[in-house]
Amino acid sequence: MFNESLYLKITKAKPLPRAFYKRKVVKVAIDLLGKILVRKYSNKILSGKIVEVEAYNGVTDPASHAYKGMTPRNKVMWDHPGKVYVYTIYGIHYCLNLIAEPKGIPAAVLIRALQPIIGIEEMIKNRGVNDLTKLTNGPAKLTQALKITKELNGIDATVKDALYVVNPPSKENIEIVSSKRIGITKGTNKLWRFYIKNNPFVSKK
DNA sequence: CTGTCGATCTACT
DNA sequence: GTAGATCGACAGG
């Protein structure tokens, strides 16, 4: 049930450095697939593998929150790469993004789905859902499962704090699929949604 | 100040 | 397949 070796590897791993995020947002998005998201709160560790993402480029992309300029909500997108951007959607849900590109260039990667790894019991409790494949297979589901709220907006994911990303404990070959982004009305032509092929924890086909 | 709407999810038909 | 939840962010006046 509980894999101690895996737990130790993940909890001892260092967060990905800022240089990882300081690149083209599409590359960062693709490279985040297969990485491990770690969430810590009140002595609990919750963790999952990133299996689905979307890229948002504030400069050229009408679907991005940053497209029309800086506002109180989106200002973290202009901050250092590796920062965390959390916003409320539809009044009831949160979505998690990681900032990419050099400071001053607004761009973000939306984390759309995880494969649960550590703290599954806690995630089930947070979600009130038993089905593992429905635990974190959507942007607002994973924030609920990992207790990610707007309190985390603006924190730095390159330090080992409440939320960060690490390399997977062992390398595995993954096949990546790109497709149209989901749930947007503008910029729908770009194929900036990426997910791991045949992974059952991806939100949709 | 007011009206509109959203990078979603769940429940119900 | 579709409706309802539920509210903050934002644009416009």
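Proteins come first, then strands; the chains are lettered A, B, ... in the order of their sequence lines, and each starts at number 1. The analysis underlying the following values was restricted to heavy atoms, covering all of them including side chains, and did not include hydrogens, waters or symmetry mates.
- Residue A:R181 is classed as having no contact, given no heavy-atom separation below 4.0 Å to the nucleic acid.
- Checking the phosphate oxygens (OP1, OP2) of B:dA7, no side-chain nitrogen or oxygen of A:K186 falls inside 4.0 Å.
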- Is there a salt bridge (charged side-chain N to carboxylate O under 4.0 Å, His left out) between A:D156 and A:R18 once you walk through the steps? CA-CA 9 Å; A:D156 194 341; A:R18 200 169 310 289; 2.7 Å; yes
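- Rounded to whole Å, atom P of B:dT8 lies 7 Å from atom CD of A:E54.
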- Take A:E121 and A:K44, measure what salt bridge (charged side-chain N to carboxylate O under 4.0 Å, His left out) needs, and give me the verdict at the end. CA-CA 11 Å; A:E121 293 301 314; A:K44 293 191 175 73; over 6 Å; no
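- Heavy-atom nearest nucleotides on DNA chain C were determined for A:H65 and for A:H93, and the one closer to the 5' end corresponds to A:H93.
- The interatomic distance linking A:I182 (CD1) with B:dT8 (P) rounds to 8 Å, in whole Å.
- In this structure, the NZ atom of A:K190 is 14 Å from the C1' atom of B:dA7, given to the nearest Å.
- Proximity note for A:K141 (side chain, C-beta onward) versus B:dC9, B:dA7, B:dT8: the nearest is B:dC9.
- To the nearest angstrom, C1' of B:dG6 lies 14 Å from NZ of A:K150.
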- Message: Counting Watson-Crick and G-U wobble pairs with both distances under 3.5 Å, what is the dot-bracket string for DNA chain C, 5' to 3', using [ ] for crossing pairs and | for pairs to another strand?
- Response: |||||.||||||.
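- Rounding to the nearest 0.5 Å places OG of A:S47 at 6.5 Å from CE of A:M123.
- Of the possible donor and acceptor atoms, none in the side chain of A:T188 sits under 3.5 Å from a partner among the backbone N and O of A:T185.
- Here the side chain of A:R112 is nearest to one of B:dT10, C:dC10, B:dA7, namely B:dA7.
- Side chain A:Y87 to base B:dA7: a donor-acceptor pair is found below 3.5 Å.
- If you check B:dT10, B:dA7, C:dA5 against the side chain of A:I92, the one that comes closest is C:dA5.
- By the 4.0 Å N-to-carboxylate-O rule, A:E54 lies too far from A:R181 to be salt-bridged with it.
- Both stacking criteria are satisfied for A:Y56 over the base of B:dA7: a centre-to-centre distance under 5.5 angstrom and an angle between ring planes under 30 degrees.
- Summary of the strand contacts: A:Q144 and A:T88 both lie near DNA chain B, and taking for each the nucleotide with the nearest heavy atom, the more 5' one is attributed to A:T88.
- The nearest whole Å value for the distance from the NZ atom in A:K204 to the C1' atom in B:dT8 is 9 Å.
- Distance CG (A:N153) to P (B:dA7): 15 Å, rounded to an integer number of Å.
- A:F20 carries A:R23 over the face of its six-membered ring, with the cationic atom under 6.0 Å from the centre and within 45° of the normal.
- The interatomic distance linking A:K75 (NZ) with C:dA9 (C1') rounds to 13 Å, in whole Å.
- At least one donor-acceptor pair under 3.5 Å links the side chain of A:R39 to the backbone N or O of A:L146.
- Using a 4.0 Å cut-off between charged side-chain N and carboxylate O, A:E101 and A:K22 make no salt bridge.
- Taking the side chain of A:R127 as heavy atoms from C-beta on, and the options B:dC9, C:dA9, B:dG6, the nearest nucleotide is B:dC9.
- Interatomic distance, OG of A:S203 versus CG of A:L142, reported as 10.0 Å (0.5 Å rounding).
- The pair A:D79-A:K103 meets the salt-bridge criterion, with a side-chain N (NZ, NE, NH1 or NH2) lying under 4.0 Å from an Asp/Glu carboxylate O.
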Under 3.5 Å, which protein N or O atoms sit close to an N or O of nucleotides 11-13 of chain C? Give each pair with its distance.
none

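- At the heavy-atom level, A:A140 lies under 4.0 Å from the strands shown only through sugar-phosphate atoms.
- A straight line from CE of A:M77 to C1' of B:dA7 spans 10 Å, rounded to a whole angstrom.
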